[in-house]
Amino acid sequence: FAAIVADGSVVTWGNPTGGGDSTAVQNQLKKVQHIWGTASAFAAILEDRHVVKWGVVKWGHGDWTEVQDKLTNVKAISATDTACAAILADGTVVSWGNPFCGGDSKGVRDQLKNVQQICATARAFAAILADG
C-alpha cells in the first residue's frame with residue numbers, strides 16, 4: 001500500500017517485494033500529487049510533473065529505463081497488473097512494463113495523440129482522444 005500524507009511525502013507498507021518498501025526512492029517522494037499501483041509496483045507524479053517509480057521489476061513492469069527520460073510533464077498515469085501508461089502534457093502517451101499487459105504501445109503510437117484519458121483493465125489500456 002502507499003499513501004500520500006499531508007506534507008506531500010509518501011508512506012508505504014505491506015509486502016516489501018510488492019512495492020511496500022519505498023526506501024530506495026523515499027528521498028525523491030516529495031510534493032507527490034498522485035500515486036498509481038500495479039500488482040507489485042507504484043508510480044507517483046510529483047508537483048513538477050516528473051515520475052518516481054518503485055517496486056518489483058518482475059516481467060518488466062518495474063523496468064522503465066527506456067522511458068524514464070520521457071516522463072516529464074506527466075498529466076496522469078494508468079496501470080494494468082504489470083504495466084503503466086502516462087499521458088504527457090502534449091497529449092501523447094508513454095508506456096512501460098509487460099508488453100502483454102499494455103507496456104508496449106509502439107504499435108499504436110501514431111494513434112495516441114490528443115489523449116484525454118486512459119482506462120485500464122488487468123491486461124490492457126484504452127485511450128479516449130480529444131475528438132471522441
Side-chain angles (χ1 to χ4, degrees):
F1 296 94
I4 303 171
V5 295
D7 67 359
S9 63
V10 173
V11 175
T12 57
W13 67 98
N15 185 338
T17 63
D21 180 4
S22 59
T23 306
V25 296
Q26 194 63 47
N27 64 332
Q28 299 172 57
L29 292 172
K30 310 287 186 221
K31 299 182 180 181
V32 174
Q33 303 296 303
H34 302 283
I35 298 174
W36 288 266
T38 68
S40 57
F42 290 97
I45 297 178
L46 307 180
E47 184 178 69
D48 68 1
R49 298 301 189 196
H50 283 83
V51 174
V52 175
K53 203 213 107 351
W54 69 98
V56 175
V57 179
K58 186 177 181 181
W59 297 311
H61 68 284
D63 182 11
W64 65 325
T65 52
E66 290 183 28
V67 299
Q68 186 171 1
D69 292 341
K70 298 175 186 172
L71 292 171
T72 60
N73 279 330
V74 175
K75 289 180 17 179
I77 295 175
S78 188
T80 64
D81 280 352
T82 57
C84 290
I87 303 172
L88 305 183
D90 66 1
T92 60
V93 172
V94 174
S95 64
W96 68 95
N98 184 342
F100 298 108
C101 290
D104 182 358
S105 57
K106 292 175 193 147
V108 294
R109 182 173 294 147
D110 290 342
Q111 299 171 57
L112 294 173
K113 294 182 176 20
N114 298 312
V115 175
Q116 301 298 299
Q117 182 179 352
I118 297 176
C119 300
T121 66
R123 296 196 173 117
F125 292 108
I128 299 173
L129 307 180
D131 64 4

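Not one N or O on the side chain of Thr82 forms a donor-acceptor pair closer than 3.5 Å with the backbone of Asn98. Looking only at distances, no side-chain donor or acceptor of Thr80 sits under 3.5 Å from a matching main-chain atom of Gly102.
Inter-residue side-chain proximity for Ile4 and Ile35 is flagged as met; some heavy-atom pair is nearer than 4.5 Å. At least one side-chain heavy atom of Trp36 sits under 4.5 Å from a side-chain heavy atom of Ile45. Taking the side chain as every heavy atom from C-beta outward, Val10 and Phe42 never approach each other to under 4.5 Å. Within the 4.5 Å cutoff, the side chain of Asn73 has no heavy atoms near those of the Asp90 side chain.
If you take CG on Leu29 and CH2 on Trp54, they are separated by 5.0 Å, rounding to the nearest 0.5 Å. Rounding to the nearest 0.5 angstrom, the gap separating the CZ atom in Phe125 from the OG atom in Ser78 is 5.5 Å. To the nearest 0.5 Å, the span separating NE2 on His50 from NZ on Lys31 amounts to 13.5 Å. Separating the CG atom in Asp48 from the OG1 atom in Thr72 is a distance of 9.5 Å, to the nearest 0.5 Å. Taken from CD1 in Ile87 to CD in Gln116, the straight-line distance is 7.5 Å, to the nearest 0.5 Å. If you take CD on Glu47 and NZ on Lys30, they are separated by 13.5 Å, rounding to the nearest 0.5 Å.
Environment of CZ in Arg123: sparse, with no more than 12 heavy atoms of neighbouring residues, nucleotides or ligands closer than 6.0 Å.
Considering all non-hydrogen atoms of both residues, Glu66 and Lys106 come closest at OE1-NZ, 4.4 Å. The two residues Cys101 and Ala83 have their closest heavy-atom pair at O-CB, 3.4 Å. Across all non-hydrogen atoms, the minimal contact from Val25 to Lys53 is CG1-O, 3.8 Å.
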Leu129/Val115 under side-chain contact (heavy atoms from CB on, under 4.5 Å): CA gap, chis, key distance, verdict: CA-CA 4 Å; Leu129 307 180; Val115 175; 3.6 Å; yes
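With sequence neighbours excluded, no residue satisfies salt bridge (charged side-chain N to carboxylate O under 4.0 Å, His left out) with Lys113.
For the side chain to side chain contact (heavy atoms under 4.5 Å, CB included) criterion with Cys84, the lone passing option out of Thr38, Leu71, Val51 is Thr38. For the pairing with Leu112, the side chain to side chain contact (heavy atoms under 4.5 Å, CB included) check across Ile118, Val93, Val94 returns one residue only, Val93.
Linking Ile, Leu, Val, Met, Phe, Trp and Tyr whenever their side-chain heavy atoms come within less than 4.5 Å leaves Leu46 and Val5 in two separate clusters.
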